[in-house]
Amino acid sequence: MPSALPDGEPVPADGALPASALAGAADRPLGFYLHVPYCATRCGYCDFNTYTATELRGTGGVLASRDNYAETLVDEIRLARKVLGDDPRPVRTVFVGGGTPTLLAAGDLVRMLGAIREEFGLAPDAEVTTEANPESVDPAYLAELRAGGFNRISFGMQSARQHVLKVLDRTHTPGRPEACVAEARAAGFDHVNLDLIYGTPGESDDDWRASLDAAIGAGPDHVSAYALIVEEGTQLARRIRRGEVPMTDDDVHADRYLIAEERLSEAGFSWYEVSNWATSEGGRCLHNELYWRGADWWGAGPGAHSHVGGVRWWNVKHPGAYAGALAEGRSPGAGREVLSDEDRRVERILLELRLLDGVPLELLRAEGLAAARRALSDGLLRPEPFAEGRAALTLRGRLLADAVVRDLVD
């Protein structure tokens with residue numbers, strides 16, 4: 001089941017932000033994340049805030065229904081307009097995630113985007129993305145999305161091997177994600193991503209190479225590759241605990257990452273964030289870059305997180321509770337925190353170190369700067385950026401990114 005929300009102070013009933021959060025807003029890009037919490041089935045590794053029809057039955061009534069979900073989410077977009085007041089920024093990025101957004105009708109996703117356009121306006125070069133399950137779209141659906149303003153799409157591929165998909169409880173058939181790339185291109189999508197997962201129990205190096213080759217051969221301009229994390233409370237965690245499938249160790253994850261870097265680089269992809277590769281700067285996911293660079297975004301939907309000017313908040317998780325709050329004219333926020341300058345410094349280091357151009361050395365304290373010099377000597381940081389005042393990871397450094405960043409934040 002979905003993981004728990006963090007603790008925090010109460011969110012005002014009207015969602016109002018402290019004045020400090022909007023200070024200097026004009027200098028920061030603004031994005032929207034729209035969360036669609038519905039899935040046809042629950043994948044065995046998933047602990048995201050998502051719900052199947054069975055899980056929702058009897059727990060929220062009509063308020064939890066996906067039939068009227070788009071209108072409920074539009075209500076939060078209108079709330080965002082009230083909270084942000086006369087903020088003049090057009091929206092730079094929109095990302096619809098889940099769950100499975102494409103379980104909703106294409107017209108519902110277009111209506112949600114239309115509300116952002118109406119309330120805030122979209123930047124002329126706005127990036128508008130939706131995630132999609134390969135089995136829940138067809139050419140007509142994709143054409144409707146494209147006509148409605150979506151220009152980027154991300155398909156959950158995970159693996160090209162049937163036995164790997166079975167362990168993950170993924171329901172699509174091998175080959176369908178690759179076909180979706182062609183259908184999205186035919187519909188006019190400018191940018192297409194395929195999501196992959198490595199380190200699934202029972203996956204071999206050859207299985208992983210086959211998945212990479214299939215993804216590359218499909219012709220996307222972006223590939224995301226994530227190490228499988230086995231979260232407590234998931235079906236996969238229970239299967240591993242019972243000894244039904246083996247746990248994959250960190251050395252295997254490292255080997256698979258190196259295989260990904262080799263295969264993707266040979267195919268013309270370049271990494272720009274530890275788990276993300278693109279064929280050009282234009283192919284990068286601008287929305288995720290907002291997160292990594294600490295910009296502003298409003299997360300609408302059950303359990304969605306937001307950040308504006310150093311204030312971070314999160315919504316109630318259950319779709320019924322979420323819809324009920326908005327129906328009563330209340331913010332669906334469950335809690336929030338106001339980040340201190342030190343919090344923001346640490347978060348910048350944690351997130352920006354994962355990027356190609358790294359993090360400014362000026363953010364490091366004496367202990368962190370000494371650790372950075374050691375990391376440089378150990379071949380974990382690149383010499384050229386370091387000489388220019390930035391800590392930027394080498395390939396070996398990417399494999400040890402978590403350890404490097406722990407040292408730098410001291």
How far apart are the closest heavy atoms of [X] and [Y], and which atoms are they?
X	Y	answer
Asn276	Tyr226	OD1-OH, 3.8 Å
Glu261	Ser265	O-OG, 2.7 Å
Gly299	Glu76	O-OE2, 3.5 Å
Leu376	Pro383	CD1-CA, 3.8 Å
Ala391	Leu353	O-CD1, 3.5 Å
Leu326	Pro332	CD2-CD, 3.9 Å

Exercise for the section: Identify the residue among Phe155, Phe189, Tyr272 that makes a ring pair (Phe, Tyr, Trp, His ring centres under 6.0 Å) with His222. Expected result: Tyr272
Value rounded to 0.5 Å, distance of [atom1] in [X] from [atom2] in [Y]:
X	Y	atom1	atom2	value
Glu127	Leu122	CD	CG	12.0 Å
Arg396	Leu393	CZ	CG	11.5 Å
Phe95	Asn288	CZ	CG	6.0 Å
Thr200	Arg170	OG1	CZ	11.0 Å
Arg78	Glu119	CZ	CD	6.5 Å
Arg344	His307	CZ	NE2	5.0 Å

May I ask you to decide if [Y]'s main-chain N or O and [X]'s side chain share a donor-acceptor pair within less than 3.5 Å?
X	Y	value
Arg117	Gly121	no
Glu203	Gly199	yes
Arg161	Ser204	no
Asp249	Asp251	yes
Asp195	Met157	no
Thr394	Gly397	yes
Tyr257	Val274	yes
Asp343	Ser340	yes
Ser377	Arg373	yes
Gln162	Thr173	no

Handout entry: Glu9, CD atom: more than 12 neighbouring heavy atoms under 6.0 Å
Key = yes
Exercise for the section: Would you indicate whether Asp125, at its atom CG, is surrounded by more than 12 heavy atoms from other residues, nucleotides or ligands within a distance under 6.0 Å? Expected result: yes
Does any non-hydrogen side-chain atom of [Y] lie less than 4.5 Å from one of [X]?
X	Y	answer
Leu339	Val311	no
Leu258	Leu399	yes
His191	Asn151	no
Ser136	Thr100	yes
Arg348	Pro360	yes
Ser270	Arg284	no
Val346	Leu350	yes
Leu34	Leu113	no

Between [Y] and [X], is there a salt bridge with N-O shorter than 4.0 Å?
X	Y	answer
Asp296	Arg89	yes
Asp205	Arg256	yes
Arg176	Glu183	yes

Practice task
Would you please test Leu103 and Arg66 for side-chain contact (heavy atoms from CB on, under 4.5 Å) and show each step?
Solution key: CA-CA 9 Å; Leu103 281 182; Arg66 74 189 196 204; 3.8 Å; yes
Exercise for the section: Determine, step by step, whether Arg345 and Glu342 satisfy the salt bridge (charged side-chain N to carboxylate O under 4.0 Å, His left out) criterion, reporting the C-alpha distance in whole Å, the side-chain angles of both residues, the deciding distance to 0.1 Å, and the verdict. Expected result: CA-CA 5 Å; Arg345 182 190 77 89; Glu342 175 62 8; 3.0 Å; yes
Practice task
Would you check, one step at a time, whether the test side-chain contact (heavy atoms from CB on, under 4.5 Å) holds for Val192 with Arg185?
Solution key: CA-CA 8 Å; Val192 182; Arg185 294 294 194 197; 3.9 Å; yes
Handout entry: Within 45° cone of Trp314 ring axis and under 6.0 Å: Arg336 NZ or CZ
Key = no
Practice task
Kindly confirm or rule out a cation-pi arrangement of Arg81 over Phe120, judged by NZ or CZ under 6.0 Å from the six-membered ring centre and within 45° of its axis?
Solution key: yes
Exercise for the section: Take Arg152 and Asp190 through the salt bridge (charged side-chain N to carboxylate O under 4.0 Å, His left out) test and state the conclusion after the steps. Expected result: CA-CA 6 Å; Arg152 186 176 185 275; Asp190 302 325; over 6 Å; no
Handout entry: Verdict with reasoning, Met112 to Leu104, per side-chain contact (heavy atoms from CB on, under 4.5 Å)
Key = CA-CA 11 Å; Met112 289 151 51; Leu104 300 184; 4.3 Å; yes
Problem - Arg330 and Glu328: CA distance, side-chain angles, deciding distance, salt bridge (charged side-chain N to carboxylate O under 4.0 Å, His left out) verdict - result: CA-CA 6 Å; Arg330 295 184 288 108; Glu328 295 172 4; 2.9 Å; yes
Problem - Parallel, tilted or perpendicular: rings of Trp298 and Trp313 (30°, 60°) - result: perpendicular
Exercise for the section: Let me see the working for Val252 and Tyr198 under side-chain contact (heavy atoms from CB on, under 4.5 Å), right down to the final yes or no. Expected result: CA-CA 9 Å; Val252 170; Tyr198 58 88; over 6 Å; no
Are [Y] and [X] an aromatic pair, judged by ring center distance below 6.0 Å?
X	Y	result
Tyr291	Tyr33	no
His35	Tyr322	no
Tyr69	Tyr38	yes

Completion exercise
Test salt bridge (charged side-chain N to carboxylate O under 4.0 Å, His left out), reference Arg209, set Asp207, Asp206, Asp213, output is Asp206
Practice task
Would you tell me whether Glu273 and Ser224 have side-chain atoms, one donor and one acceptor, within less than 3.5 Å of each other?
Solution key: no
